[in-house]
Engineer: 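Attaching a single structure in structure tokens format; questions to follow.
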Amino acid sequence: MAARIVLGCLTLLVALPAAPLPAQVAAPPPSSRIFRFDPDGFWLSLHHFLYVLGRAEIGTPDRARRAVAGAPADQTQGLASLSADEQALWKRAVSFYAAGPSKLDTVFDAPLIAITNALVGLRETAPLPMSVPADHRDALAAAAPVYRKAWWSAHQRANAAWVTAAESLVARHGAATLAFITRAYGEPWPAAGFPVNVTPYTNWAGAYSTRGTLLVIASLDPGTAGASGFETTFHEAMHQWDDAIDRALQSAAKARGRTVPDNLSHAMIFFTAGEAVRRTIPGHVPYAEANGIWQRGLAPFKSALDATWLPWLAGSGTRDDALSKLVDAL
């Protein structure tokens, strides 16, 4: 989300008709059921706000990234509306996160993932689930009234505004984008739509997905606005197919006596989601190109994807043949 080896091919791709969906892929759902956006997750929003503030407190290198850099100023503005006792309550909650949860990774650390999943969908009045450790429940419960008073109204409005803009893009471009990526991957999309949790902050990346169907995207990150946010939402949802694509890549590599490079499946998502949205939203610059992703050690992937995966996206050959050629090219 490198060098454009096949710029001439990209012009040709626009004129080519989409290849038919493989027989094993069900027809995509209507645009109204592609995603199920939830902007009202009070506890999830509080959890992520405390998480990024905790990382700022301990000085992690990612605290200056665009998606989270504004959180400390947001905190300062809200603290000004609170009493000294309320400020102390809030700062204790941030320090709790800084001492533990904020040291974990939202995507890879199982204890934090379990807590995040437990908070999905919970509204303000919902009790905290017992699956959340007691000390963590106490920290969230103590911070909740303060968060509600100083920040939640503004954060909820930002979440709702993000969803309104996203739903408009999905209504106009979602069906074509989904048809493109399901054909490319040969994998089905959830018939009920993929759940998307919208919170003011998430992590340094502005969006992430992890085990199960947990997908969280930040409403206050400029990088997740507009078409970039539209692409990012599809990108994160495409991780639901990681296991299936990894198996297909491993099979292709084994047949050729090769190994699959690390990060190849992620590079494929950047490439495929970017191409899908480039073709459906005129003038869109794919996230990987706009944010220099290919220059961060992924340039060989970009060249190989241009040469082998792009023709399949244009409707030439088969998915498995393209994967075999991709493995050979790397």
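Positions are given from 1, in the same order as the sequence printed here.
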Engineer: Please report the interatomic distance CG(Leu249) to CG(Leu323), rounded to the nearest 0.5 Å.
Structural biologist: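 So the CG of Leu249 and the CG of Leu323 are separated by 5.0 Å.
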Engineer: Hey, which of Asn117, Thr116, Ile115 is the one that makes side-chain contact (heavy atoms from CB on, under 4.5 Å) with Ile113?
Structural biologist: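 Going through the options one by one, the only one that passes is Asn117.
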Engineer: Any link between Leu112 and Ile217 through a network of hydrophobic side chains (Ile, Leu, Val, Met, Phe, Trp, Tyr) touching at under 4.5 Å?
Structural biologist: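 Unlinked, Leu112 and Ile217 end up in two clusters.
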Engineer: Should Ser83 and Asp85 be marked as a side chain to side chain donor-acceptor pair (under 3.5 Å) after you check the CA-CA gap, both sets of side-chain angles, and the distance that decides it?
Structural biologist: CA-CA 5 Å; Ser83 68; Asp85 287 344; 5.4 Å; no
Engineer: Could you tell me whether the side chain of Tyr51 reaches within less than 4.5 Å of the side chain of Thr202, counting heavy atoms only?
Structural biologist: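 Of all side-chain heavy-atom pairs linking Tyr51 with Thr202, none is under 4.5 Å.
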Engineer: Mind jotting down which residue pairs meet the ring pair (Phe, Tyr, Trp, His ring centres under 6.0 Å) criterion with at least one end in residues 158-181? Sequence neighbours excluded, please.
Structural biologist: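 Residue pairs passing ring pair (Phe, Tyr, Trp, His ring centres under 6.0 Å), neighbours aside: Phe37-Trp162.
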Engineer: Report the C-alpha separation of Thr199 and Phe42 in whole Å, then their side-chain angles, then the decisive distance to 0.1 Å, and conclude whether the side-chain contact (heavy atoms from CB on, under 4.5 Å) test is met.
Structural biologist: CA-CA 8 Å; Thr199 60; Phe42 174 84; over 6 Å; no
Engineer: Can a salt bridge be assigned to the pair Arg172 and Glu167 using a cut-off of 4.0 Å between side-chain N and carboxylate O?
Structural biologist: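 Not counted as a salt bridge, because no side-chain N and carboxylate O are separated by less than 4.0 Å.
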Engineer: Do Val198 and Leu220 belong together in a cluster built from hydrophobic side chains that touch within less than 4.5 Å?
Structural biologist: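 Hydrophobic grouping puts Val198 apart from Leu220.
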Engineer: Roughly how far apart are Asp221 CG and Thr232 OG1, rounded to 0.5 Å?
Structural biologist: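 Separation between the atoms: 8.5 Å.
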Engineer: Check the pair Ile34, Phe194 against side-chain contact (heavy atoms from CB on, under 4.5 Å), reporting the backbone distance first and the verdict last.
Structural biologist: CA-CA 6 Å; Ile34 294 175; Phe194 200 94; over 6 Å; no
Engineer: Considering all heavy atoms of both residues, which atom of Ser102 and which atom of Gly54 are nearest to each other, and what is their separation?
Structural biologist: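 Result for this residue pair: OG-CA, 3.3 Å.
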Engineer: Within the distance-only criterion (no hydrogens, no angle test), does the side chain of Gln156 pair as donor or acceptor with the backbone N or O of Ser153 below 3.5 angstrom?
Structural biologist: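 No: the side chain of Gln156 does not pair with the backbone of Ser153.
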Engineer: Does Ser95 have any side chain to side chain contact (heavy atoms under 4.5 Å, CB included) partners at least two apart in sequence or in another chain, and if so, which?
Structural biologist: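 By the side chain to side chain contact (heavy atoms under 4.5 Å, CB included) rule, Ser95 matches Glu57.
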Engineer: Apply side-chain contact (heavy atoms from CB on, under 4.5 Å) to Leu326 and Leu305, showing your working.
Structural biologist: CA-CA 7 Å; Leu326 177 59; Leu305 289 162; 3.9 Å; yes
Engineer: Give the ring-plane orientation class for Trp294 versus Phe271, where under 30° counts as parallel, over 60° as perpendicular and anything between as tilted.
Structural biologist: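 Perpendicular: the ring planes of Trp294 and Phe271 meet at over 60°.
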Engineer: Return yes when atom CD of Glu124 has more than 12 non-hydrogen atoms of other residues, nucleotides or ligands closer than 6.0 Å, and no otherwise.
Structural biologist: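 Counting neighbours around CD of Glu124, more than 12 heavy atoms of other residues, nucleotides or ligands fall under 6.0 Å, so yes.
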Engineer: Are Leu215 and Phe108 connected in the hydrophobic side-chain network, where two residues link if heavy atoms are under 4.5 Å apart?
Structural biologist: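 No, no single cluster joins them.
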Engineer: Minimum heavy-atom separation for Gly78 to Ala150, with atom names?
Structural biologist: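 For Gly78 and Ala150, the tightest heavy-atom pair comes out as O-CB, 3.6 Å.
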Engineer: Is there a donor-acceptor pair under 3.5 Å between the side chain of Trp43 and the backbone N or O of Gly121?
Structural biologist: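 No: the side chain of Trp43 does not pair with the backbone of Gly121.
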Engineer: Do Val163 and Phe234 share a hydrophobic cluster (ILVMFWY, side-chain heavy atoms under 4.5 Å, transitive)?
Structural biologist: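 Hydrophobic grouping puts Val163 with Phe234.
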Engineer: Give, for atom CH2 of Trp151 and atom CG of Leu46, the distance between the pair rounded to the nearest 0.5 Å.
Structural biologist: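 Between Trp151 CH2 and Leu46 CG, I get 9.5 Å after rounding to 0.5 Å.
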Engineer: Is there a side-chain contact between Val277 and Thr177 in this structure, where contact means two heavy atoms from C-beta onward sitting under 4.5 Å apart?
Structural biologist: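 Contact flag for Val277/Thr177 side chains = yes.
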Engineer: Is the side chain of Arg278 donor-acceptor paired with the backbone N or O of His284 at a distance under 3.5 Å, no angle test?
Structural biologist: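 Not at all, since once roles are kept as given, no pair shorter than 3.5 Å links the two residues.
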Engineer: Could you list the donor-acceptor pairs under 3.5 angstrom formed by side chains in residues 255-263, with sequence neighbours left out?
Structural biologist:
unit_1 : atom_1 : unit_2 : atom_2 : d
Arg256 : NE     : Asp328 : OD1    : 3.0
Arg256 : NE     : Asp328 : OD2    : 2.8
Arg258 : NE     : Asp328 : OD1    : 3.1

Engineer: Within 45° of the ring axis of Trp312 and under 6.0 Å from its six-membered ring centre, is that where the NZ or CZ of Arg183 lies?
Structural biologist: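 Arg183 over Trp312 ring: yes.
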Engineer: For Asp38 and Arg123, run salt bridge (Lys or Arg N to Asp or Glu O under 4.0 Å): C-alpha distance rounded to whole Å, both residues' side-chain angles, the deciding distance at 0.1 Å, then the answer.
Structural biologist: CA-CA 10 Å; Asp38 182 2; Arg123 302 299 187 252; 3.0 Å; yes
Engineer: Kindly indicate, with the supporting measurements, whether the criterion side-chain contact (heavy atoms from CB on, under 4.5 Å) is fulfilled by Leu264 and Leu330.
Structural biologist: CA-CA 10 Å; Leu264 175 56; Leu330 290 167; 3.6 Å; yes
Engineer: Do His155 and Trp152 come within less than 4.5 Å of each other through their side chains, counting heavy atoms only?
Structural biologist: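 The answer is yes; the side chains approach within 4.5 Å.
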Engineer: How long is the gap from OG1 on Thr280 to CD on Glu275, to the nearest 0.5 Å?
Structural biologist: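 Thr280 atom OG1 to Glu275 atom CD measures 10.5 Å (nearest 0.5 Å).
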Engineer: Just by modelled atom types, is the Gly229 backbone N or O under 3.5 Å from a matching donor or acceptor in the Thr224 side chain?
Structural biologist: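 Judged by distance alone, no pair lies under 3.5 Å.
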Engineer: What residues, two or more places apart in sequence or in another chain, satisfy side chain to side chain contact (heavy atoms under 4.5 Å, CB included) together with Lys149?
Structural biologist: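 Residues passing side chain to side chain contact (heavy atoms under 4.5 Å, CB included) with Lys149: Leu82, Glu86.
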Engineer: Using modelled atom types only, decide if a donor and an acceptor are shared between the side chain of Asp109 and the backbone of Asp105 within a distance under 3.5 Å.
Structural biologist: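 Yes; judged by distance alone, with no hydrogens or angles, the pair exists.
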Engineer: Can you tell which of Tyr97, Phe49, Phe96 makes a ring pair (Phe, Tyr, Trp, His ring centres under 6.0 Å) with Trp90?
Structural biologist: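 By the ring pair (Phe, Tyr, Trp, His ring centres under 6.0 Å) criterion, Trp90 pairs with just one of Tyr97, Phe49, Phe96: Phe49.
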Engineer: For atom CH2 of Trp204, decide whether the heavy atoms of other residues, nucleotides or ligands shown that lie under 6.0 angstrom number more than 12.
Structural biologist: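 At most 12 heavy atoms, drawn from other residues, nucleotides or ligands, come within 6.0 Å of this atom.
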Engineer: Spell out, as yes or no, whether a donor-acceptor pair under 3.5 Å connects the side chain of Arg33 to the backbone of Ala191.
Structural biologist: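 It does hold such a pair.
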Engineer: Looking only at heavy atoms, which two atoms of Ser219 and Pro200 are closest? And how far apart?
Structural biologist: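 Scanning both residues, the minimum pair turns out to be OG-CA, 3.4 Å.
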Engineer: Would you check if Val216 and Tyr201 make a side-chain contact, meaning some heavy-atom pair closer than 4.5 Å?
Structural biologist: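 Side chain of Val216 against side chain of Tyr201, heavy atoms only: no contact under 4.5 Å found.
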Engineer: Nearest 0.5 Å please: distance from the CD1 atom of Ile245 over to the CG atom of Asp242.
Structural biologist: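 Here the interatomic distance stands at 8.5 Å.
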Engineer: Thr272 versus Leu313: any side-chain heavy-atom pair under 4.5 Å?
Structural biologist: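 Answer yes - side chains close enough.
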Engineer: State which residues pass side chain to side chain contact (heavy atoms under 4.5 Å, CB included) with Ala244; sequence neighbours excluded, sorted by chain then number.
Structural biologist: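 Expected list: Glu187, Arg247.
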Engineer: With the side chain counted from C-beta on, respond yes when Asp321 and Lys325 share a heavy-atom pair under 4.5 Å apart, and no when they do not.
Structural biologist: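 In contact.
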Engineer: Could you grab the distance from atom OG of Ser228 to atom CG of Asn291, nearest 0.5 Å is fine?
Structural biologist: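 Here the rounded value is 7.0 Å.
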Engineer: For Leu89, what residues pass the side chain to side chain contact (heavy atoms under 4.5 Å, CB included) criterion, not counting sequence neighbours?
Structural biologist: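 If we apply the side chain to side chain contact (heavy atoms under 4.5 Å, CB included) test to Leu89, skipping adjacent residues, the hits are Arg92, Ala142, Val146.
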Engineer: Ring-plane angle category for His266 and His235, please: parallel below 30°, perpendicular beyond 60°, tilted otherwise.
Structural biologist: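 Ring orientation, 0 to 90° scale: perpendicular.
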Engineer: Identify the two heavy atoms, one from Lys103 and one from Ala98, that lie closest to each other, and give their separation to 0.1 Å.
Structural biologist: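 Of all heavy-atom pairs spanning Lys103 and Ala98, the closest is CE-O, 3.4 Å.
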Engineer: Out of curiosity, does Val196 fall in the hydrophobic cluster containing Val120 (side-chain heavy atoms, cut-off under 4.5 Å, transitive links)?
Structural biologist: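 Hydrophobic grouping puts Val120 apart from Val196.
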Engineer: Ignoring hydrogens and angles, state whether a donor on the side chain of Thr60 or Asp62 is under 3.5 Å from an acceptor on the partner side chain.
Structural biologist: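 The criterion, which ignores hydrogens and geometry beyond distance, is satisfied for Asp62 and Thr60.
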Engineer: Taking C-beta and beyond as the side chain, do Asn159 and Ser45 meet within less than 4.5 Å on heavy atoms?
Structural biologist: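 In short, these two side chains touch, coming nearer than 4.5 Å.
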Engineer: Can any side-chain N or O of Arg63 pair as donor or acceptor with the backbone N or O of Gly59 at less than 3.5 Å?
Structural biologist: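 Yes, Arg63 side chain to Gly59 backbone: donor-acceptor pair under 3.5 Å.
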Engineer: Do the ring planes of Tyr208 and His48 sit parallel (below 30°), tilted (30 to 60°) or perpendicular (above 60°)?
Structural biologist: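 Ring orientation of Tyr208 relative to His48: tilted.
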Engineer: Is the Phe301-Phe270 ring centre distance short of 6.0 angstrom?
Structural biologist: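 Ring centroids of Phe301 and Phe270 are no less than 6.0 Å from each other.
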Engineer: Got Leu128 and Leu140 here, is their nearest side-chain heavy-atom distance under 4.5 Å?
Structural biologist: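 When only atoms from C-beta onward are counted, Leu140 and Leu128 do touch, with a gap below 4.5 Å.
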